[in-house]
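Take a look at the structure below.
Chain letters run A, B, ... following the sequence lines, proteins first and then strands; every chain starts at 1. The basis for the numbers below is simple: all heavy atoms, side chains too, and nothing from hydrogens, waters or symmetry mates.
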2 protein chains.
Amino acid sequence: MPETNAAPELNGLYFQLLNEIGIINQLSRAAFEARLPDGMVLPQFAVINHLIRVQDGRTPLQLARAFQVPKTSMTHTLAGLEKRGFVEMRANPDDARSKQVWLTEAGRTFRQTAIASLAPDVAAFSDTLDRDELVEVIATLARLRKRMDAARD
Amino acid sequence: MPETNAAPELNGLYFQLLNEIGIINQLSRAAFEARLPDGMVLPQFAVINHLIRVQDGRTPLQLARAFQVPKTSMTHTLAGLEKRGFVEMRANPDDARSKQVWLTEAGRTFRQTAIASLAPDVAAFSDTLDRDELVEVIATLARLRKRMDAARD
DNA sequence: ATTGACTGGTTCGATATCGTACTAAATGGT
DNA sequence: ACCATTTAGTACGATATCGAACCAGTCAAT
């Protein structure tokens, strides 16, 4: 029995896509965390990574939005990073309610080490897609990501 | 300073890809859970969905492997589903240690309802990719997923 | 048949994640 | 200036996730 929608099977394909994405995410998460030291967890690494990519000094709320997690979760993640000395929380000069998250030297070198230790895992399947395929699939997913982001009002 | 690897920038592209995947996964997870009733959570829905797609009667361990989660997590997820009456745990006739997970009528109708209530969310961005793009990106990711799955020994 | 290794599942304790409720600072309308 | 509303962050309690240890059933070698 087909759906009653205007473009019925499209939805099914999107479900399938999100499903694949979920599985890959789970696989990479498991692999990543296996490499990270002791209790270090993927979101913490992701935050460091993000701060490198888009400059540090972000506020906790900006980070929470970037990762689509509740701000309480970000508070927790940042607390963990601060306890390990990978980030430093400073007051926001523009807004006394707010804070800024800055990477420490330890945080930066940790990222380098982590990426290096992750490389072999990536290398284990890096022959799957060639450069052109990678570039294309990244572009496609980025398009979808932006659209989804915009769609959530 | 460039990496010392044979195909340096490839790794970077893979990181980028996994990053996009992570964000999309987070976005869809948030959207999905917003629709699901009360304390119902994405992994529970995913299990029901999986049981429909590949026939129910799977064992908990098979499910844990399919989703790449520890078996303890699956035990917990299944307990939740059973408490809600969406699945039924039966003894495995072939192995007394093992169990089988079967969908109940309630579980099946719940899935129908959930998918219907999710459809509008998908529709909100379903104009982003056309059928051909979808098919292609799904195929590419499926290839990567299988490769990653195989790579974890 | 007996024993030792292995496998499927649960229990338990530690941490992560999240929603609700709260505090303090900023903003906007009068 | 004043007060109501909004915004940034935190505290707290509930649930989810996970690793380690455990138990019972299976398998394989003898």
Any heavy-atom pair between the side chains of [Y] and [X] that's under 4.5 Å?
X      : Y      : answer
A/R143 : A/R147 : no
B/I23  : A/K146 : no
B/L18  : A/F32  : yes
B/F67  : B/M74  : yes
B/V41  : B/L36  : no

Hydrophobic cluster identity match, A/L10 and B/V135, side-chain contacts under 4.5 Å: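 In one cluster with A/L10: B/V135, yes.
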
A/F110 with B/F15, same ILVMFWY side-chain cluster at under 4.5 Å: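 Yes, one cluster joins them.
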
From CA spacing to verdict: side chain to side chain contact (heavy atoms under 4.5 Å, CB included), A/T59, A/V101: CA-CA 6 Å; A/T59 72; A/V101 187; over 6 Å; no

Sugar-phosphate, base or nothing in reach of B/V69, heavy atoms under 4.0 Å: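 Result for B/V69 = sugar-phosphate.
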
Polar atoms only, N or O, under 3.5 Å: list the protein pairs with nucleotides 21-23 of chain D and their distances.
none

Gap separating the CG atom of B/L61 from the CZ atom of B/R97, nearest 0.5 angstrom: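 The CG atom of B/L61 sits 10.0 Å away from the CZ atom of B/R97.
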
Distance in Å, A/D56 CG paired with A/L103 CG, rounded so as to fall on 0.5 Å steps: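 If we round to the nearest 0.5 Å, A/D56:CG and A/L103:CG are 4.5 Å apart.
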
Main-chain N/O of A/N25 paired to B/N25 side chain as donor or acceptor, under 3.5 Å: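 No.
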
Divergence of helical axes at both termini of the helix from C/dA1-D/dT30 to C/dT30-D/dA1 - five pairs an end, 10° steps: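 Computed from the C1' atoms at both ends, the axes differ by 30°.
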
Rounded distance (Å) that lies between atom C1' of D/dC18 and atom CE of B/M74: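 Rounded to whole Å, this separation is 13 Å.
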
Nucleotide interval of DNA chain C bounded by contacts with chain A (heavy-atom cut-off, under 4.0 Å):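 So the outermost contacting nucleotides come out as C/dA16 to C/dA26.
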
Listed pairs under 3.5 Å, donor-acceptor, residues 87-94 of chain A side chains, sequence neighbours left out:
| from | atom 1 | to | atom 2 | distance (Å) |
| --- | --- | --- | --- | --- |
| A/E88 | OE2 | A/R90 | NE | 3.0 |
| A/N92 | OD1 | A/D94 | N | 2.9 |
| A/N92 | ND2 | A/S98 | OG | 3.3 |

DNA chain C-proximal residues of residues 47-64 of chain B, any heavy atom under 4.0 Å: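 Those residues are B/T59, B/P60, B/L61.
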
Nucleic acid contacts of residues 85-100 of chain B, taken as heavy-atom distances under 4.0 Å to DNA chain C: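 Output list: B/R97, B/S98, B/K99.
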
NZ/NE/NH1/NH2 to OD/OE distance under 4.0 Å, A/D149 and A/R65: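 Not counted as a salt bridge, because no side-chain N and carboxylate O are separated by less than 4.0 Å.
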
Nearest heavy-atom neighbours spanning B/Y14 and A/L129: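 Answer, listing the atom of B/Y14 first, then A/L129: OH-N, 3.0 Å.
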
Shortest non-hydrogen separation from B/L27 to A/R145 and the atoms involved: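 That closest heavy-atom pairing would be CD1-O, 3.9 Å.
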
